[in-house]
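In what follows, chains are A, B, ... by sequence order, proteins preceding strands, each numbered from 1.
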2 protein chains.
Amino acid sequence: MQELVNRPSVCEQSREICPIKIVSKLISGKWKIPILWYLSQEKRRFSELQRLMPGASKGVLSKQLNELINDHLIEKIVYDQTPPKVEYSLSKTGESFTSVLDVLKDWGEEYIKEYQQIKP
Amino acid sequence: MQELVNRPSVCEQSREICPIKIVSKLISGKWKIPILWYLSQEKRRFSELQRLMPGASKGVLSKQLNELINDHLIEKIVYDQTPPKVEYSLSKTGESFTSVLDVLKDWGEEYIKEYQQIKP
DNA sequence: CCGCATCCCGTACGATACTG
DNA sequence: CAGTATCGTACGGGATGCGG
């Protein structure tokens, strides 16, 4: 067990604002983390995201994108043209989340190495 | 936008094993991250975890603990005595996740600073 | 004290069809 | 192309009671 000194128990009182729970809530949603991941690479159009995440239906994708916008993690640019063109990208806050995504990915890779999983 | 060079598009093909999706799935569950957080501080008894997360009912807590055990993130020690005593702690793999938790917490604190939230 | 079994409910998610 | 609307289902998660 590692040192406990620098591991404050921030959530002891449930009424306090708890960073861990906040983050947990922000990224709760089947496609939120994948969406953020793909947007961390480059800005994407709606159809691109659909193509990248075939399991996500349009409705769900749209819903989670809107939630991420409301949470200030991503932004949306609508080009006024026909056919329509929309681009999603990370907001400034979302950009700061890429470091978290990198850590998650790295950890995930190690995890996979240890427990060879078949199911994605 | 930051450099894209080192941001591989690991999930392009949905059949591949994707670290991001794996992690996303592992921590999906309302109390998983808080559980891991509390266990990163010290080993905990079941009743302690209940006390720390008043919103989580016994059933749900038990279920998510078992899932974390199945995913090799935590371990359980049962003391053969009456009244029963059980202790949960991070596994070796779980220990390696504490660095992720720290990053999540730090990011969460910054997020809260930026968008003063009321709801926990 | 631990925690499973059961019941119940809300909602997250997926599929499909339709609109600008 | 980029959604919204609607519907049906599955699952997550809360409450309670019992049993070890």
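B:Arg51 has its CZ atom 15 Å from the C1' atom of C:dC1, to the nearest Å.
A salt bridge links B:Glu110 to B:Lys113: one of the charged nitrogens lies within less than 4.0 Å of a carboxylate oxygen. The existence of a salt bridge linking A:Lys105 and A:Glu109 is confirmed by a sub-4.0 Å separation between a basic side-chain nitrogen and an acidic carboxylate oxygen.
The structure places CD of B:Gln41 at 11.5 Å from CG of B:Leu36, a figure rounded to the nearest 0.5 Å.
When DNA chain D is scanned 5' to 3' for any atom under 4.0 Å from a heavy atom of chain A, the first and last hits are D:dC1 to D:dT4.
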Give the B/S/- string for nucleotides 8-20 of chain C, one per nucleotide from 5' to 3', where a protein heavy atom under 4.0 Å of the base yields B, of only the sugar-phosphate yields S, and otherwise -.
----SSBB-B--B
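Judged by distance alone, with hydrogens and angles left aside, the side-chain atoms of A:Thr93 form no donor-acceptor pair with the main-chain N or O of A:Leu73 at under 3.5 Å. A donor-acceptor pair under 3.5 Å is absent between the side-chain atoms of B:Arg45 and the main chain of B:Lys85, judged by distance alone.
Each ring-ring contact (aromatic ring centres under 6.0 Å, His included) pair with one or both residues in residues 44-63 of chain B, not counting sequence neighbours, would appear here, but there are none. Counting only residues at least two apart or in different chains, side chain to side chain donor-acceptor pair (under 3.5 Å) contacts with residues 57-66 of chain B comprise B:Lys63-B:Glu67. For the ring-ring contact (aromatic ring centres under 6.0 Å, His included) condition, the pairs that include at least one residue of residues 82-106 of chain B, sequence neighbours left out, are A:Trp107-B:Phe97.
At its two ends the helix from C:dC1-D:dG20 to C:dG20-D:dC1 runs along axes set 50° apart, each axis drawn from five pairs and the angle rounded to 10°.
Note on A:Tyr79: nothing from the nucleic acid sits closer than 4.0 angstrom, heavy atoms only.
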